[in-house]
Amino acid sequence: MGATQQIYNKLYHCYGSQGWWPADTVFEMMIGAILVQRTNWSNVEKALCQLTPYLSPEQLEALPMEELEVAIRSSGFYRQKAKRIKAFLHWYKKYDYQLAHLRHVETETLRAELLSIHGIGAETANVLLLYAFQRPVFVVDAYARRIFARFGLDMPEKEQVFRLQVETECVLDTEGFKEFHALIVQHAKEHCKMKPICSGCPLVDECERRGV
DNA sequence: CTCCAGGAGC
DNA sequence: GCTCCTGGAG
């Protein structure tokens, strides 16, 4: 078994099923994916709460930029994020804001389209592919890099190389990759912080920083 | 009060 | 490698 599959198994065994992403609708999930860029989830929750009356593509499209900025202020970088949300909506409108209209699009094609949207980078594209468009992709984020590096894996700097490595090695379907990302977030928050809390960590045996 | 965690674009 | 920002921790 590959090392990345081992990490998944151990995290799953320790923390159990996570049931991500936390959102009532797919559209709310999409907006959350942009808001959470370089931000903690509690700040995103406050922003989503302010956006509650506008959580449909049509209403967000109609919402003036200034009002959108005020509403999402708590998520940080609110000026860029307001533009990014509008840019995403502009793209999504080509598909009549219909998830079903994207179902037949190849994953790689869809990824390229998402990456062409101003403000959607590799990580946000993967999060959207996984949780909104139900594609089996591994989300490369700061947490995954940290956890995998401490596990002793040599980490490709390039996102695509890292992602393909995990996707090839792990036998997971879409639901499995959703769990994997959620488990990585959970583990990073509970144990594998910048300053790690190694007591009770499910990965201590393999970790390079064991006992720190 | 200062500091820190957290993606993307230029 | 710098800029964009907040809320919570220290």
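Below, read A as the first sequence line, B as the second, and so on, with proteins coming before strands; counting in each chain starts at 1.
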Residues in contact with DNA chain B, drawn from residues 23-42 of chain A - heavy-atom cutoff 4.0 Å: A/Gln37, A/Arg38, A/Thr39
Under 4.0 Å, heavy atom to any atom of DNA chain B: which of residues 115-136 of chain A qualify?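 Listed by number, they are A/Ile117, A/His118, A/Gly119, A/Ile120, A/Gly121, A/Ala122, A/Glu123, A/Thr124.
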Which residues pass the side chain to side chain donor-acceptor pair (under 3.5 Å) test with [X], not counting sequence neighbours?
{"X": "A/Gln98", "value": "none"}
{"X": "A/Glu175", "value": "A/Lys178"}
{"X": "A/Gln160", "value": "none"}
{"X": "A/Arg163", "value": "A/Glu159"}

Please give me the minimum heavy-atom distance between A/Lys46 and A/Ser74, naming the atom from each residue.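 That closest heavy-atom pairing would be CB-OG, 3.4 Å.
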Would you mind checking if A/Lys81 and A/Glu69 are paired as a salt bridge, meaning a charged N to carboxylate O distance below 4.0 Å? no
Table please: side-chain donor-acceptor pairs of residues 59-68 of chain A below 3.5 Å, with sequence neighbours left out.
{"from": "A/Gln59", "atom 1": "OE1", "to": "A/Ser56", "atom 2": "OG", "distance (Å)": "3.2"}
{"from": "A/Gln59", "atom 1": "NE2", "to": "A/Pro53", "atom 2": "O", "distance (Å)": "3.4"}
{"from": "A/Glu61", "atom 1": "OE1", "to": "A/Lys93", "atom 2": "NZ", "distance (Å)": "3.4"}
{"from": "A/Glu61", "atom 1": "OE1", "to": "A/Tyr97", "atom 2": "OH", "distance (Å)": "3.0"}
{"from": "A/Glu61", "atom 1": "OE2", "to": "A/Lys93", "atom 2": "NZ", "distance (Å)": "2.8"}

Outermost nucleotides of DNA chain C that come under 4.0 Å of a non-hydrogen atom of chain A: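 Going 5' to 3' along DNA chain C, contacts run C/dC4 to C/dG8.
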With sequence neighbours left out, what residues match A/Lys189 under salt bridge (charged side-chain N to carboxylate O under 4.0 Å, His left out)? none
Taking the six-membered ring for Trp, are A/Phe133 and A/Trp91 parallel (under 30°), tilted (30 to 60°) or perpendicular (over 60°)?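 If you compare the ring of A/Phe133 with that of A/Trp91, the planes turn out perpendicular.
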Do the ring planes of A/Trp41 and A/Trp21 sit parallel (below 30°), tilted (30 to 60°) or perpendicular (above 60°)?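 Taking A/Trp21 first and then A/Trp41, their aromatic rings stand perpendicular (interplane angle over 60°).
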Hey, are the side chains of [X] and [Y] touching, using non-hydrogen atoms and a 4.5 Å cut-off?
{"X": "A/Leu110", "Y": "A/Thr107", "answer": "no"}
{"X": "A/Val171", "Y": "A/Gln5", "answer": "yes"}
{"X": "A/Asn126", "Y": "A/Arg111", "answer": "yes"}
{"X": "A/Val44", "Y": "A/Ile72", "answer": "no"}

With a 4.0 angstrom cut-off to heavy atoms of chain A, pull out the first and last contacting nucleotide of DNA chain B, in 5'-to-3' order. B/dA5 to B/dC10
N/O donor to acceptor pairs below 3.5 angstrom from side-chain atoms of residues 27-38 of chain A, sequence neighbours left out:
{"from": "A/Glu28", "atom 1": "OE1", "to": "A/Asp24", "atom 2": "N", "distance (Å)": "3.3"}
{"from": "A/Gln37", "atom 1": "OE1", "to": "A/Arg84", "atom 2": "NH1", "distance (Å)": "2.6"}
{"from": "A/Gln37", "atom 1": "NE2", "to": "A/Gly119", "atom 2": "O", "distance (Å)": "3.1"}
{"from": "A/Gln37", "atom 1": "NE2", "to": "A/Thr124", "atom 2": "OG1", "distance (Å)": "2.9"}

Pairs counted as Watson-Crick or G-U wobble with both distances under 3.5 Å: what dot-bracket string results for DNA chain C, using | for bases tied to another strand? ||||||||||
Touch class at under 4.0 angstrom, heavy-atom based, for A/Lys193 against every strand present: nothing
Classify the nucleic acid contact of A/Phe77 as base, sugar-phosphate or nothing, counting any heavy atom under 4.0 Å across all strands shown. base
